[in-house]
**Q** 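This is the structure I want to talk about, given as structure tokens.
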Amino acid sequence: MNLILLRSSDQFEKMKDAKTYFVIVIEDTDNETIVAATTLFLEYKFIHGAGLRGRIEDVVVSQSLRGHKLGKVVVDTGVQLSRKLNCYKLSLDCRDELIPFYQSLGFKAEKGRANMLVQRFSD
Ligand SMILES: CC(C)(COP(=O)(O)OP(=O)(O)OC[C@H]1O[C@@H](n2cnc3c(N)ncnc32)[C@H](O)[C@@H]1OP(=O)(O)O)[C@@H](O)C(=O)NCCC(=O)NCCS
């Protein structure tokens with residue numbers, strides 16, 4: 001199954017122009033298809049000295065290739081990139097059954113905010 005990513009290149013251009021979306025993909029170069037993807041979204045926080053908060057969004061792996069660590073690779077790339085871009089924290093929302101998957105990549109549930117997984121890189 002191929003991933004359906006965007007309906008038009010115009011949409012991708014809009015994301016690119018915003019300069020706050022970093023789309024991370026793994027390509028099967030034999031078939032020229034994208035088999036795994038996620039997006040790191042950066043948000044400037046007005047109440048945090050315009051510090052950068054990162055969010056991991058839209059994590060997906062092509063169905064036939066799940067269980068081969070591609071999900072881990074794209075998310076971990078987003079984590080490394082958010083550190084490099086000096087985010088003070090990185091978070092994501094996920095379904096309950098995926099909490100162990102994200103915990104294995106360093107995300108933690110914060111007390112009182114159990115529906116959000118966070119990595120804090122600084123206060
Ligand atoms: C969730 C998803 C991205 C995981 O990608 P993947 O490439 O299959 O996962 P990986 O092979 O990198 O798995 C890494 C680890 O997470 C575990 N894991 C993966 N999917 C899991 C699931 N649904 N429930 C529990 N554990 C899971 C694996 O068992 C593996 O554990 P291990 O390191 O102990 O062996 C993929 O299943 C997917 O695209 N799902 C549909 C879209 C989706 O739900 N996205 C997440 C939105 S928050």
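As the structure lists them, so they are numbered: ligands from 1, and atoms in each ligand from 1. Quick caveat: nothing in here was measured; it's all calculated off a predicted structure.
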**Q** What atoms in ligand 1 come closer than 4.0 Å to a heavy atom of Val60?
**A**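 It comes down to these atoms of ligand 1: 39 (O).
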
**Q** Nearest protein heavy atom to atom 7 (O) of ligand 1, by residue and atom, and its distance?
**A**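 I find the closest protein heavy atom is Gly71 N, 2.8 Å.
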
**Q** Taking only heavy atoms of Arg95 into account, list the atoms of ligand 1 that are under 4.0 Å away from them.
**A**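 Atoms satisfying the 4.0 Å criterion: 44 (O).
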
**Q** Closest non-hydrogen protein atom to atom 42 (C) of ligand 1, residue and atom name please, with distance?
**A**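 Among all protein heavy atoms, the one nearest atom 42 (C) of ligand 1 is Val59 O, 3.7 Å.
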
**Q** Please identify which atoms of ligand 1 are closer than 4.0 Å to at least one heavy atom of His68.
**A**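 Close to His68: 11 (O).
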
**Q** Can you pull out the closest protein heavy atom to atom 8 (O) of ligand 1? Residue, atom name and distance to 0.1 Å, please.
**A**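 Checked against all protein heavy atoms, atom 8 (O) of ligand 1 sits closest to Gly67 N, 2.8 Å.
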
**Q** Could you identify the single nearest non-hydrogen protein atom to atom 38 (C) of ligand 1 and state the distance to 0.1 Å?
**A**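 Result for atom 38 (C) of ligand 1: Arg66 NE, 3.3 Å.
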
**Q** So which bit of Glu97 gets within less than 4.0 Å of ligand 1, heavy atoms only: side chain, backbone, both or neither?
**A**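 For Glu97, the contact with ligand 1 is made by the backbone alone.
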
**Q** Starting from atom 39 (O) of ligand 1, find the nearest protein heavy-atom neighbour and note its residue, name and distance.
**A**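 Answer, as residue, atom name and distance: Val61 N, 2.8 Å.
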
**Q** Of all the non-hydrogen atoms in the protein, which one sits nearest to atom 34 (O) of ligand 1, and at what distance?
**A**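 Result: Lys69 NZ, 4.6 Å.
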
**Q** Output yes when Glu97 and Arg95 qualify as a salt bridge under the 4.0 Å nitrogen-oxygen rule, no when they do not.
**A**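 Yes.
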
**Q** So which pairs with a foot in residues 20-39 pass ring-ring contact (aromatic ring centres under 6.0 Å, His included), sequence neighbours left out?
**A**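 Applying ring-ring contact (aromatic ring centres under 6.0 Å, His included) to every pair that reaches into residues 20-39, excluding sequence neighbours, yields Tyr21-Phe41.
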
**Q** Considering heavy atoms of the protein only, find what lies nearest to atom 17 (C) of ligand 1 and give residue, atom and distance to 0.1 Å.
**A**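 Here the closest protein heavy atom is Phe101 CD1, 4.1 Å.
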
**Q** Report the part of Leu98 in contact with ligand 1, treating N, CA, C, O as backbone and CB onward as side chain, heavy atoms under 4.0 Å; options are side chain, backbone, both, neither.
**A**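 Side chain only.
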
**Q** Do the charged groups of Lys45 and Glu43 touch, with an N to O distance under 4.0 Å?
**A**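 Counted as a salt bridge, because a side-chain N and a carboxylate O are separated by less than 4.0 Å.
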
